[in-house]
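Structure record follows, encoded as structure tokens.
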There are 2 protein chains.
Amino acid sequence: MALDKIDRKILTLLQKDATMPVAEIGRKVGLSTTPCWRRIQKMEEDGVIQRRVAVLDPAKVNVGVTVFVSVKTNEHNDTWMRKFSGVIDEFPEVVEFYRMSGDVDYLMRVVVPDIGAYDAFYKKLISKINLTDVSSAFAMGQIKYTTALPLDFAIVVDDDK
Amino acid sequence: MALDKIDRKILTLLQKDATMPVAEIGRKVGLSTTPCWRRIQKMEEDGVIQRRVAVLDPAKVNVGVTVFVSVKTNEHNDTWMRKFSGVIDEFPEVVEFYRMSGDVDYLMRVVVPDIGAYDAFYKKLISKINLTDVSSAFAMGQIKYTTALPLDFAIVVDDDK
DNA sequence: GCAAGATTAGCAATAAACTTGCGCAGATCA
DNA sequence: TGATCTGCGCAAGTTTATTGCTAATCTTGC
């Protein structure tokens with residue numbers, strides 16, 4: 001599962017553009033098609049590469065507004081957490097959901113067309129599960145968003161190349 | 001730029017798995033290869049589909065820890081914002097960055113291997129730009145994360161099909 | 001109501017990309 | 001030194017993407 005310099009180069013390219021032909025990737029990392037292809041295969045088998053997806057423009061599908069929703073609860077048990085997770089799973093508007101440390105218990109990122117749609121989401125949410133304390137923070141603009149993870153921390157065996 | 005039911009079906013599939021052959025997508029949405037391919041092309045030209053990317057496993061590339069960093073500033077002007085954006089752009093650890101309304105001015109999501117790496121990031125950040133107030137919230141776990149946007153709000157012309 | 005133009009579907013052929021089998025070269029180790 | 005292992009690359013064969021062309025359906029203006 002350790003990655004060398006070539007693997008990381010490949011991942012960097014694929015994180016930017018997964019449509020790039022293997023032959024071209026190979027050329028850019030100094031490898032012919034076959035070994036490059038085998039490396040990609042291995043990284044997919046190992047689960048380093050989870051999947052390849054299409055990324056849409058939020059504005060073009062009318063979900064230009066991002067809201068961060070902080071949730072506090074009194075229910076600090078596994079059963080409740082699972083129930084909450086299940087409820088959230090049903091909402092496609094919730095694109096990220098984290099269990100937090102500190103004064104907030106859960107944090108989620110919600111995408112909607114406008115404030116009105118957020119209110120509708122909010123009402124639907126609290127009708128499905130009882131939440132002690134919910135607070136919403138609206139994003140006025142998305143300055144940076146990337147699905148590409150940094151590879152600087154990846155485990156390495158051969159760092160010579 | 002309006003999307004009909006077939007377009008949304010295609011997008012739903014591509015948001016899950018962008019490696020699926022056009023022929024299979026066509027079959028699933030009830031279309032032959034060519035028209036299905038042309039629809040996909042059009043949505044790429046229109047920018048609805050921005051790009052296709054490989055999604056990696058954060059743990060496998062050693063960035064299993066997410067930190068949300070809230071920033072308050074006294075500098076409420078465009079010049080400073082641009083400078084801040086430029087600084088953030090240089091940090092691959094910052095995968096999301098928003099300008100917020102409310103008592104926090106900016107919010108970013110940072111991915112790192114551990115607390116130590118976050119501290120290193122933090123030091124590097126404040127050395128590059130002066131920030132009035134920074135507060136960090138650690139995620140104990142990622143319960144949901146998807147790059148797929150909801151298509152329920154997309155603009156529609158023909159809603160018959 | 002009808003004909004011209006526009007839009008969308010489909011087939012078939014071509015081009016491009018992926019995938020596999022095999023052999024070769026360098027590294028490792030007894 | 002020789003056996004083994006690992007990784008590379010060539011040359012097929014297979015799958016998939018892409019394009020040109022035709023047919024069918026829908027729109028529009030009269």
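Per chain, numbering begins at 1; letters A, B, ... match sequence-line order.
- By the 4.0 Å N-to-carboxylate-O rule, B/Asp17 lies too far from A/Arg51 to be salt-bridged with it.
- Summarising the geometry, the separation between CD1 on A/Ile40 and C1' on C/dT20 is reported as 16 Å, rounded to the nearest angstrom.
- Nucleotide D/dC8 holds its P atom 15 Å from the CD1 atom of A/Ile25, rounded to whole Å.
- Taking atom CD1 of A/Ile6 as the reference point, atom P of D/dC8 lies 6 Å away to the nearest angstrom.
- The side chain of A/Ser32 has D/dC10 as its nearest neighbour among D/dC10, C/dG10, D/dT18.
- Computed from coordinates, the A/Asp4 CG to D/dT6 P distance equals 15 Å when rounded to whole Å.
- Closest approach to the B/Leu31 side chain among C/dA9, D/dA17, C/dT19 is made by C/dA9 (side chain taken as heavy atoms from C-beta onward).
- Checking B/Tyr122 against B/Ser136 by side-chain atom types alone, no donor-acceptor pair falls below 3.5 Å.
- Listed pair B/Trp37 / D/dT18 meets the phosphate criterion, a side-chain N or O lying under 4.0 Å from OP1 or OP2.
- B/Arg27 places its CZ atom 11 Å from the P atom of D/dT16, with the value rounded to the nearest Å.
- A salt bridge does not link A/Lys83 with A/Glu75: every distance from a Lys NZ or Arg NE/NH1/NH2 to an Asp or Glu carboxylate oxygen is 4.0 Å or more.
- Of the candidates D/dT16, C/dA9, D/dT18, the closest approach to any side-chain atom of B/Pro35 belongs to C/dA9.
- Distance, B/Lys5 NZ to C/dT8 P: 18 Å, rounded to whole Å.
- Minimum atom distance to the side chain of B/Arg39 is reached by C/dA9, of the listed D/dT18, D/dA17, C/dA9.
- By the 30° and 60° cut-offs, the orientation of the rings of A/Phe68 relative to B/Tyr98 is perpendicular.
- On a pure distance criterion of 3.5 Å, a polar donor-acceptor pair joins the side chain of A/Thr34 and the base of D/dC10.
- Residues B/Met108 and B/Phe91 fail the side-chain proximity criterion, which asks for heavy atoms closer than 4.5 Å.
- Side-chain atoms of A/Arg38 and base atoms of D/dG9 include a donor and an acceptor less than 3.5 Å apart.
- Atom CE in A/Met20 sits roughly 18 Å away from atom C1' in D/dA17 (whole-Å rounding).
- Rounded to an integer number of Å, the gap from CD of A/Gln41 to C1' of D/dG7 is 16 Å.
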